[in-house]
Amino acid sequence: MGYEMTNNDNVNGLSLANFWVGLIAITLGAVLGVYQVIERVGLFEWLDSPTLYFASVSTHGVLMGFVVTTFMIMGFGYYAATTSLKMPLPGKGLAWFGFYVSLTGTLLAAVPLLLGEASVMYTFYPPLVAHPAFYIGATLLVVGSWFWCFEMIWAMAIWKKAHPGEAVPLVHFGNTANAIMWIFTTLGVASEMLFQLIPWSLGLIETVDVGLARTLFSGTLHAIVYFWLFPAYIAMYTMVPKAIGSKLFSDEMGRIAFIMLLVISVPIGMHHLYLDPFQEAGWKFVHMFGTFLVALPTFLTGFTIIATLELAGRLHGGKGLFGWITALPWKEPLMTAVGCSMMMLTFGGFGGLVNAAYSLDTMVHNTQWITGHFHLIFAGTTIIMYFAIVYHMFPRLLGRTLYSNSLALKQLWLWFVGMLVLTLPWHYLGIIGQPRRISSAPYDSPLVEQWVPYDLGMVAGGIILLISVLMLVFNLYKTHSSEAANLVMEYAESIHPAPRVPALLNGFGFWSVVVIIYLITSYGYPIAQFFIYETFGATTWGV
Amino acid sequence: MHIDQTEKKWIYITLVMTVVMMGVLTFYAVGSNIHPPSGFEPIDSTRLHLSEEFGEDNLGLKKNEDGSLTLTMVAARYGFYPSTVEVPVQTPIKIRIASADVLHGVHVPFTNFATMVVPGYISEVNTTFQKTGDFTLLCNEYCGLGHDHMWSRLKIVPKSSL
Ligand code: HEM
Ligand SMILES: [Cu+2]
Ligand SMILES: [Cu+2]
């Protein structure tokens, strides 16, 4: 090998490029978010415009759900791969190519979105139809990310060959698990795009079967949230312990959690169809069982991370049942982020159990509760860890100190507070009946009057969050020209180091076969039924 | 492979929690017959107005031969038809609803009535309304620029007044 890691190395430019696309996207998305909350409460009559509002929500959803995440995940994966495997990224040109494919797709989709020609939401449910450029752009964004998947798998294979029998570093093991999961995850939406939406929007086929389209999309819709969540968990296992002067409680538990996420999270998407006709209750019931299994890796992660934190607190001299919490190094961004993230995961996880419950979901389905839930667990729990990742990686990528650590800490706390102010009222609004995805509330007044005070909460939350995003971007921008420093990227060691682990915990061949079998079992018939029986397609409808 | 003692206990606890949650849900699903609206019933949405079941004259509340009640409705941009319906309280009702155009969703706040309405498929919900009063049916899936305005009224009245 003889390969020494230095700063400004192999993939630094690639990682930074990916990160910056994500950061610009989140800034634009947050501006749109604030516009949306203000428009929706109806404070200013001159602002009311469904045309503008739905173009905005569609753009906000695409930016936050697809652009921010995909690019941040790619940037994280590349830098983590070279720094943990301690080797250059194989086929770097291919990685850049993937980046440009995704970027082209993003820009292509942006044009119809901003012109109001794709106001179909980021879920683009047919038979509402968007301009073909929207579907083609979104597909390219995903295709670009497949290059990243390939890079992760390839790097792992090369490393294993050079280190026979040794355990793949946990951080890269996690990123590869995510890459493989993402390939399975995107099968659903890719088939929907290629065989249904793209030819249909181009006029090559006349109708699409909406039931089939929704079933395919459901296969993507659940696991995509695990694609987003993966880097957050990986950072908790592999970056947080080192940063707070602790050791990881268990390396093997991390591997098991990642494998479980890979295997369990794709074949359960039908919980997104609980309230749809065209699937029988029995299938929904089966998918509900699978959905509850996903709670396991989350419980495991919660335990391992809290145990790791406790260890750090005790090492820092914390005593007693709760004394270790105050003794933790809260001045470290990774610590503050993981603390906030865990708290939001607790609230959000509870909400998730409600959504996953076959019988309870009816009460919250498509209400504002759902918007509250995923902002809390996605924009909150997950994205706050992305922030901590960039705060940790930027100084190392650039060979400079972070412009301001205290600004970073304030930014993270503001994000946490802003998320609670935004999402807790949304949960309650859902329970008292407010539907999601509305630009105004022209319903019967006794119903609507109850909503007003909670609606105001979201305006406050939105403004706090926008301020927080601006602080983030300012800090990172300034880091490009701050003081030079030579910081190395290091990952956590485990209390019980495991230089060798069982082969099943060190590779994905076997697990991929398990996913395929599980997928065929859970989705085979629900998809096949559309071809067995006569169904009726839908023609295109404008918004 | 090393598994810590506390860790082992925690694994058992989480397994038990998960099994208990699944057990409770199974108990309600099987025991009390609580299922989300489901079933594979294709229909041609483009010819909905010509179909017997969803033709204009057939919409609304009907008493079946066996004395049970069926409420038939159509969802179309931007409303639910008939636009006001009256139903008796504390009486089992079968609600059948189909879309004449795009995807819609419906829920009535403070009741158990909710379903997606998907073009090409009939949605069926079986429910019993518990309280009398004026309620709102509202569309809860984005269906176009007029989505906010898609709503109608549901009056739940005492049994005797119907
Ligand atoms: C400045 C902070 C933010 C504000 C004020 C905000 C506000 C909103 C609003 C008002 C909606 C429409 C909700 C509805 O009626 O269904 C929305 C949707 C959404 N937001 Fe945010 N948001 C913010 C940040 C974020 C972040 C950081 C993410 C994720 C990274 C995110 C992801 C989404 C997604 C995926 C949707 C779904 C759009 C849809 O239903 O089609 N948001 N947001
Ligand atoms: Cu899901
Ligand atoms: Cu509608």
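Hydrogens, waters and symmetry mates are skipped; everything else that's a heavy atom, side chains included, is used. Since this is a predicted model, take the numbers as computed values, not measurements. Proteins get letters first, then strands, A, B, ... in listed order; numbering begins at 1 in each.
Within the 4.5 Å cutoff, the side chain of A/Leu293 has heavy atoms near those of the B/Met22 side chain. Put simply, the side chain of A/Tyr274 does not reach to within 4.5 Å of the side chain of B/Thr115, judged on heavy atoms. Within the 4.5 Å cutoff, the side chain of A/Asp444 has heavy atoms near those of the B/Trp151 side chain. A/Arg436 places none of its side-chain heavy atoms less than 4.5 Å from the side chain of B/Tyr142. The closest side-chain heavy-atom distance from B/Leu25 to A/Leu360 is not below 4.5 Å. Inter-residue side-chain proximity for B/His107 and A/Thr362 is flagged as unmet; no heavy-atom pair is nearer than 4.5 Å. At a threshold of 4.5 Å between non-hydrogen side-chain atoms, the residues A/Leu128 and B/Leu103 do not count as touching. For the pair B/Glu7 and A/Thr304, the minimum side-chain heavy-atom distance is below 4.5 Å.
Contacts of A/Asp251 with chain B are absent, with no heavy-atom separation under 4.5 Å from either backbone or side chain. A/Gln450 touches chain B through its side chain: at least one heavy atom from C-beta onward sits under 4.5 Å away, while N, CA, C and O do not. Using a 4.5 Å cut-off between heavy atoms, A/Ile432 touches chain B through backbone and side chain atoms alike. Only the side chain of B/Thr136 comes within contact range of chain A, judged by heavy atoms closer than 4.5 Å. At a 4.5 Å heavy-atom cutoff, B/Asp134 makes no contact with chain A through either its backbone or its side chain. Contact of B/Ile43 with chain A is made through the backbone alone, with heavy-atom distances under 4.5 Å. For B/Thr14, the parts lying near chain A are the backbone and the side chain together; criterion is any non-hydrogen pair under 4.5 Å. Looking at B/Thr111, the atoms closer than 4.5 Å to chain A (heavy atoms on both sides) all sit in the backbone: N, CA, C or O. With a 4.5 angstrom heavy-atom cutoff, A/Gln529 touches chain B via backbone and side-chain atoms both. The part of A/Phe54 that comes within reach of chain B is its side chain, from C-beta onward, which places non-hydrogen atoms under 4.5 angstrom from that chain. Contact of B/Arg47 with chain A is not made at all, since no heavy-atom distance falls under 4.5 Å. A/Leu300 touches chain B through backbone and side chain together, each having a heavy atom under 4.5 Å away. Neither the backbone nor the side chain of A/Val57 comes within less than 4.5 Å of any heavy atom of chain B. Residue contact with chain B, scored on non-hydrogen atoms closer than 4.5 Å, involves the backbone and the side chain of A/Glu280 alike.
Counted within 6.0 Å of CG on A/Asn506, heavy atoms from surrounding residues, nucleotides or ligands total more than 12; the atom is thus considered enclosed. Residue-environment remark: OH (A/Tyr125) exceeds the threshold of 12 foreign heavy atoms within 6.0 Å. The neighbour count for A/Tyr428 OH, taken as heavy atoms of other residues, nucleotides or ligands under 6.0 Å away, does not exceed 12. For B/Lys9, the NZ atom is loosely surrounded, since the number of other residues' heavy atoms within 6.0 Å does not exceed 12.
Per-residue counts of heavy-atom pairs under 4.5 Å with chain A were compared for B/Leu138, B/Ile34, B/Thr46; the largest is that of B/Leu138. The most heavy-atom pairs under 4.5 Å with chain B, out of A/Thr207, A/Thr51, A/Asp276, come from A/Asp276. Interface summary for chain B: among A/Ala538, A/Pro126, A/Ser250, the most heavy-atom pairs under 4.5 angstrom belong to A/Ser250. For the options A/Ile495, A/Asp361, A/Asp209, A/Leu273, heavy-atom pairs under 4.5 Å to chain B are most numerous at A/Asp209. The greatest number of non-hydrogen atom pairs below 4.5 Å with chain B, out of A/Ser440, A/Pro50, A/Ala441, is found for A/Ser440.
Here the closest non-hydrogen pair linking A/Pro127 and B/Asp101 is CG-O, 3.9 Å. The two residues B/Ile122 and A/Pro277 have their closest heavy-atom pair at O-CB, 3.3 Å. The shortest heavy-atom contact between A/Thr535 and B/Tyr121 is CG2-OH, 3.4 Å. Heavy-atom minimum distance, A/His365 versus B/Met116: NE2-SD, 3.1 Å.
A side-chain donor-acceptor contact under 3.5 Å links B/Trp10 to the backbone of A/Phe299. Looking at A/Lys284, its side chain does come within 3.5 Å of a backbone N or O of B/Pro37 through a donor-acceptor pair.
With hydrogens and angles left out, the side-chain atoms of A/Tyr53 and B/Asp148 include no donor and acceptor closer than 3.5 Å.
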Are A/Trp541 and B/Arg77 close enough, and set up right, to give a side-chain contact (heavy atoms from CB on, under 4.5 Å), and what steps lead you there?
CA-CA 11 Å; A/Trp541 291 81; B/Arg77 294 203 291 193; 3.7 Å; yes
Check the pair B/Phe110, A/Leu447 against side-chain contact (heavy atoms from CB on, under 4.5 Å), reporting the backbone distance first and the verdict last.
CA-CA 10 Å; B/Phe110 310 108; A/Leu447 183 62; 3.9 Å; yes
side-chain contact (heavy atoms from CB on, under 4.5 Å) for B/Leu15 and A/Leu296? Distances and angles first, verdict last.
CA-CA 7 Å; B/Leu15 282 174; A/Leu296 290 177; 4.0 Å; yes
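How far CG of A/Asn366 is from NE2 of B/His104: 13.0 Å, rounded to the nearest 0.5 Å. We find the CZ-OH distance between B/Arg153 and A/Tyr443 to be 13.5 Å, quoted to the nearest 0.5 Å. A distance of 9.0 Å separates CD of A/Gln279 from OG of B/Ser38, quoted to the nearest 0.5 Å. Once rounded to the nearest 0.5 Å, the distance linking CD of A/Gln368 with CG of B/Asn140 reads 11.5 Å.
With B/Phe40 as the fixed residue, the ring-ring contact (aromatic ring centres under 6.0 Å, His included) test singles out one of A/Tyr533, A/Trp283, A/Tyr525, A/Phe278: A/Tyr533.
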